[in-house]
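The structure appears right after this line, and notes come after that.
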Protein chains: 2
Amino acid sequence: MRISELASHVGVTAKTVRYYESIGLLPDPGRTASGYRDYGADALERLTFVRDAQAAGLSLKESGQILDMKAAGHGTCEHTRALLDRHLSDIDAQIASLEAARAELLALRARADILNPADCTDPHRCQVVGSH
Amino acid sequence: MRISELASHVGVTAKTVRYYESIGLLPDPGRTASGYRDYGADALERLTFVRDAQAAGLSLKESGQILDMKAAGHGTCEHTRALLDRHLSDIDAQIASLEAARAELLALRARADILNPADCTDPHRCQVVGSH
DNA sequence: GTCAACCTTCCACCTCACTGGAACCGTCAA
DNA sequence: TTGACGGTTCCAGTGAGGTGGAAGGTTGAC
């Protein structure tokens, strides 16, 4: 399959696929006689994994690490598990901090709702954002 | 107070404070006779707000917008409220996507747990990451 | 008076994940 | 055979949020 077909299967652009190849995330695909990149199912699987992993918050580098461990075939499960565990706690921390942020924003909003907009005319302070 | 003191109160570096000033996020502070930046409580409050807002997922630009609206003193409450509302839904979306990612990672981890590590010796595929 | 630890400016560089554009070649249907 | 729409390379830029380092001035304790 050609680059655009591969890209559209996964929901990225051909540019992005070439970029991934340039950073070593995708291997050199074979080429057709005319020099076009020619991808197989393995490329699709690899790219799909990168996309999934990215959706799960892993960086391209980390996806590459997992994929490389897989290709090297050593320590794979333990390393993958460790990476996964680290990301699970990262995600938990992110969710916690977002929820704290949410609460903060909500409190700010509540103040904005309660305050009479007419009170908001002091040219030097906004009641919502002001001293806290 | 001097730049490092301000910075350490908020948990950033002096470099970062100068950078914030350079992008207009913090106003020119006064200077001592020798040219050192001299900050007051207002700078601390402003920088703290930027840090809080950043923790809440706002960009530096957006923090600056709120702070500018506050300084300009017009339309403040409505604009702040709109910004806050937009960010609340952004945060909700982020939390939702992180929770989806979490579930995905957890599923991957569960596969890692169930599989016998001894099965993970095939040099060409990792059971955890492989075909799905 | 000396020394470390601070401060100043300025400019360049970094990471991440792309994106845009130029200049050129290949494919395919009308 | 012409034109649209792909593909190729390479280089440069984006934007967010900084960091590093050089070259110099200031402060304060011993």
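Numbers restart at 1 for each chain; the letters A, B, ... are given by sequence-line order, proteins then strands. Every value quoted in this text rests on a predicted model; they were computed, and no experiment measured them.
Comparing dG6(D), dG18(D), dA17(C) by their nearest atom to the side chain of Q54(B) picks out dG18(D).
Side-chain contact between I3(B) and Y39(B) is present, with at least one heavy-atom pair separated by less than 4.5 Å. Residues Y19(A) and L60(A) meet the side-chain proximity criterion, which asks for heavy atoms closer than 4.5 Å. With a 4.5 Å cut-off on side-chain heavy atoms, T48(B) and L44(B) count as touching.
In this structure, a donor-acceptor pair under 3.5 Å is present between the side chains of S59(B) and E62(B).
Atom-to-atom, CD of Q65(A) to C1' of dC16(C) comes out at 15 Å; the value is rounded to the nearest Å. The interatomic distance linking R18(B) (CZ) with dA22(D) (C1') rounds to 14 Å, in whole Å. Protein atom CD1 of I3(B) is 16 Å distant from nucleotide atom C1' of dG25(D), rounded to whole Å.
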Protein-nucleotides 19-23 of chain C N/O pairs closer than 3.5 Å?
residue	atom	partner	partner atom	Å
dT19(C)	OP2	T16(A)	OG1	3.2
dG20(C)	N7	K15(A)	NZ	3.1
dG20(C)	O6	K15(A)	NZ	3.2
dG21(C)	O6	K15(A)	NZ	2.3

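Residue R2(A) places none of its side-chain N or O atoms closer than 4.0 Å to OP1 or OP2 of dG6(D).
The distance from the CD1 atom of I23(A) to the NZ atom of K61(A) is 10.5 Å, given to the nearest 0.5 Å.
Across A7(A) and A14(A), no two heavy atoms sit closer than the pair CB-N, 3.8 Å.
Within residues 24-43 of chain B, the residues having any heavy atom under 4.0 Å from DNA chain D are, by residue number, S34(B), Y36(B).
As judged by a 4.0 angstrom heavy-atom cut-off over every strand, I23(B) is placed among residues making no nucleic acid contact.
E21(A) is linked by a salt bridge (Lys or Arg N to Asp or Glu O under 4.0 Å) to R37(A), counting only residues two or more places apart in sequence or in another chain.
Formation of a donor-acceptor pair under 3.5 Å by the D38(A) side chain with backbone atoms of M1(A) is found in this model.
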